[in-house]
Amino acid sequence: MRPAPTILHLDMDAFYASAEQAAKPSLRGKAVVVGGLGPRGVVATASYEARVLGVHSAMPTAQARRLAPNAAYLVPRFALYRSVSEQVMELLGRLSPLVEPLSLDEAFVDLEAGGVAEDSVSAKVTGERLRTAIREVTGLSGSVGLAGSKMLAKIASEQAKPDGLVLIEPGTERELLAPMSVRTLPGVGPATGDHLRRAGMTTVDDLAEAGEAELVRLVGKAHGHGLYRMALGLDDRPVVAERDAKSVSVEDTFDVDLHDRVRVRAEVERLAVRCVERLRSADRSGRTVVLKVRRYDFSTLTRSETLRGPTDDPTVVREAAARLLEAVDTTGGVRLLGVGVTGLADFTQEDLFAQAADARELAARSEKPEEPVAGEGEGPVDEEPARESAEQLAARRWPAGHDVRHTAHGHGWVQGSGVGRVTVRFEEPGGPVGRVVTFRIDDPELSPADPLPLVRDPVDYSSWPASLPKSRSGPVSAAGGESRP
């Protein structure tokens, strides 16, 4: 534990949904839900207006629609979110060399290592100015927690939401944590929480009073020891600048179970290519290809193949994934497919051309015709794969919320599609609410487009933090800028 609150935790507020509201003037102040829109879709993020109606992340989209039927339901735009995240992380990197990203919208920062804070006053000033900088560069808000440890800094940022700052003074940890639910502590999920509740422990103070020996008896030595330390407010984990990813993967859940073997293989190959694109964007390669298949009965199978060396070759990964699929029984239907690469490295093996050739030769040898057995398999070998409906094709080409450009109307975003039509609202970040126009889905003047920046002329923070402009937002409110005594 540090004697000063110089560990900062930043958590952007309803990141995906807030980015969509900033990009689309017509959605400002309205309920927005970002996630999968199909029958099996799941909510990724909900705006605060949608949360008031009961919508939250990880909720099935179908349930969210029942709770908030008038909300805007949008497909995620990760290109935009990554771009904004890079802007935020660059600002954090100017504060300290020790920045530990947890996701696109969340990170720890060691302010002491950057020499920008040494006590409560300087830490709070830095946190407030960071919030101002983020708003002026990205147009979005973030909540800041400051404390002497990572655990408490994260708890502080949760208390600061939305768009606030909370500072926990070292020495007040026990008093602050005592009345909180045991679920507040890292690593205490629903199962552990229920187990502790049955033992009569519902608050952090209950854990501290129970003692280490009792917690070890209840949840095991490793978890019990750590749980007791956290209940006392003790957390010595350092901010780690590098958190190497152990794997890269992509997966899709299908609205309707896939039964056709040809379609399943095509989807696996498509996912393999997407996986390699993500791998290359991270400047990495990998040695082990992993296939994940969730069948109609929710049973999940995983198969893997280790290559002779690391690769970022889409042909190698695609063919390895296809070979793995051959060993999986998809009879009855497939609801989810995923392709991943593990064993990551910063280089590729020089002889992977030979490896790809070996893979193709192996595939050719395995493709021997077999006589179909009546009543078994996927049906006649010449059966055509199931075709996507016009509605599915339109949704795939024109995802709700994604950017488009029209030769006459300019930049806009897809409000929805169906019955051979796509409806577009033409507006840009920072502009007025735009007009809505409907087109045929094959209109030659309409095409997909890249997202526009959320702020056209952001304030220059290249000299951050030395000459940081004074806050334009005025004094921080008591609710948003609370300091713990």
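All residue numbers in this chain count up from 1 along the given sequence. Just the heavy atoms: all of them, side chains too, but no hydrogens, waters or symmetry mates, feed the values below.
Here the shortest heavy-atom pairing between T330 and R261 reads OG1-NH1, 2.9 Å. Taking all atoms of both residues into account, the shortest heavy-atom contact from H411 to D403 is NE2-OD2, 2.9 Å. The minimum heavy-atom distance between G35 and P76, with the atom names listed, is O-CD, 3.5 Å. The shortest heavy-atom contact between R397 and I441 is NH1-O, 3.1 Å. Heavy atoms only, all atoms of each residue included: S96 and A113 are closest at OG-CB, 3.9 Å. In this structure, G332 and H259 approach most closely via the heavy-atom pair O-CE1, 3.2 Å.
Rounding to the nearest 0.5 Å gives a distance of 12.5 Å between CG of L98 and CG of L92. Going from atom OH of Y296 over to atom OG1 of T331 covers 8.5 Å, rounded to the nearest 0.5 Å. Separation of atoms CD (E86) and CG (L91) is listed at 12.5 Å; rounding is to 0.5 Å. Atom OG in S26 sits 6.0 Å away from atom CD in Q415 (nearest 0.5 Å). Going from atom CG of L152 over to atom CD of Q159 covers 9.5 Å, rounded to the nearest 0.5 Å. Between the OG1 atom in T438 and the CZ atom in R421 there is a gap of 8.5 Å [rounded to 0.5 Å].
Using bins of under 30°, 30° to 60° and over 60° for the plane-to-plane angle, the ring pair H409/H406 lands in the tilted bin. Under the 30°/60° scheme for interplanar angles, the aromatic rings of Y81 and Y16 are found to lie parallel.
Within the 3.5 Å criterion, the main-chain N or O of V116 finds a donor-acceptor partner in the side chain of T126. In this structure, the side chain of T61 engages the main chain of G41 through a donor-acceptor pair within 3.5 Å. S299 places no side-chain N or O within 3.5 Å of a backbone atom of R295 that could act as its donor or acceptor partner. Put simply, the side chain of S18 gets close to the backbone of D13: a donor and an acceptor are under 3.5 Å apart. At least one donor-acceptor pair closer than 3.5 Å links the side chain of R278 to the backbone N or O of S249. Judged by distance alone, with hydrogens and angles left aside, the side-chain atoms of T6 form no donor-acceptor pair with the main-chain N or O of L111 at under 3.5 Å. Proximity of a side-chain donor or acceptor of S47 to a complementary backbone N or O of V32 within less than 3.5 Å is detected. Looking only at distances, no side-chain donor or acceptor of H402 sits under 3.5 Å from a matching main-chain atom of D450. In terms of modelled atom types and a separation under 3.5 Å, the side chain of R425 and the main chain of W413 share no donor-acceptor contact. Not a single donor-acceptor pair under 3.5 Å links the side chain of R2 to the backbone N or O of I7.
Figure legend: cation-pi geometry between R335 and F298, with NZ or CZ positioned under 6.0 Å from the six-membered ring centre and within 45° of its axis. Geometrically, R94 does not engage Y461 in a cation-pi contact, judged by NZ or CZ lying under 6.0 Å from the ring centre and within 45° of the ring axis. A cation-pi geometry, defined here as NZ or CZ lying under 6.0 Å from the six-membered ring centre and within 45° of its normal, does not hold between R82 and F78.
Defined by atom type and a distance below 3.5 Å, a donor-acceptor pair is missing between the side-chain atoms of S285 and T311. Side chains of H9 and E158: no donor on one and acceptor on the other come within 3.5 Å. With hydrogens and angles left out, the side-chain atoms of T288 and T306 include a donor and acceptor closer than 3.5 Å.
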**OP:** Given side-chain contact (heavy atoms from CB on, under 4.5 Å), test L336 with K292 step by step and report yes or no.
**Re:** CA-CA 8 Å; L336 176 147; K292 176 180 177 182; 3.9 Å; yes
**OP:** Mind running side-chain contact (heavy atoms from CB on, under 4.5 Å) on V289 and L307 for me, showing each step along the way?
**Re:** CA-CA 8 Å; V289 179; L307 309 172; 4.2 Å; yes
**OP:** Please step through side-chain contact (heavy atoms from CB on, under 4.5 Å) for the pair R265 and E326, ending with a clear verdict.
**Re:** CA-CA 9 Å; R265 177 171 176 136; E326 294 304 315; 3.5 Å; yes
Original post:
side-chain contact (heavy atoms from CB on, under 4.5 Å) between K30 and E49: does it pass, once the steps are laid out?
Top reply: CA-CA 6 Å; K30 296 183 179 179; E49 294 85 355; 5.9 Å; no
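Side-chain contact between F108 and L8 is absent, with no heavy atoms from C-beta onward closer than 4.5 Å. By the 4.5 Å heavy-atom criterion applied to side chains, V293 and V334 are counted as neighbours. A heavy-atom distance below 4.5 Å is found between the side chains of L258 and E267. In this structure, the side chains of L291 and V268 come closer than 4.5 Å at one or more pairs of heavy atoms. Between M230 and P186, some side-chain heavy-atom pair lies under the 4.5 Å cut-off. By the 4.5 Å heavy-atom criterion applied to side chains, R135 and D163 are counted as neighbours. With contacts defined as side-chain heavy-atom distances shorter than 4.5 Å, the pair P448/W398 qualifies. You'll find the side chain of L80 reaches within 4.5 Å of the side chain of L454, heavy atoms only.
Other residues, nucleotides and ligands contribute at most 12 non-hydrogen atoms within 6.0 Å of the CG atom of D457. Within 6.0 Å of CZ on R280 lie more than 12 heavy atoms contributed by other residues, nucleotides or ligands.
A salt bridge does not link E277 with R274: every distance from a Lys NZ or Arg NE/NH1/NH2 to an Asp or Glu carboxylate oxygen is 4.0 Å or more. A salt bridge does not link R318 with D313: every distance from a Lys NZ or Arg NE/NH1/NH2 to an Asp or Glu carboxylate oxygen is 4.0 Å or more. Salt-bridge check for D11 with K154: failed, with every basic side-chain N at 4.0 Å or more from each acidic carboxylate O. Ion pairing between a basic and an acidic side chain is recognised when a charged N comes within 4.0 Å of a carboxylate O; D235 and R229 show no such pairing. By the 4.0 Å N-to-carboxylate-O rule, K24 lies too far from E427 to be salt-bridged with it.
The only member of T253, T300, D257 that meets side chain to side chain donor-acceptor pair (under 3.5 Å) when paired with R294 is T300.
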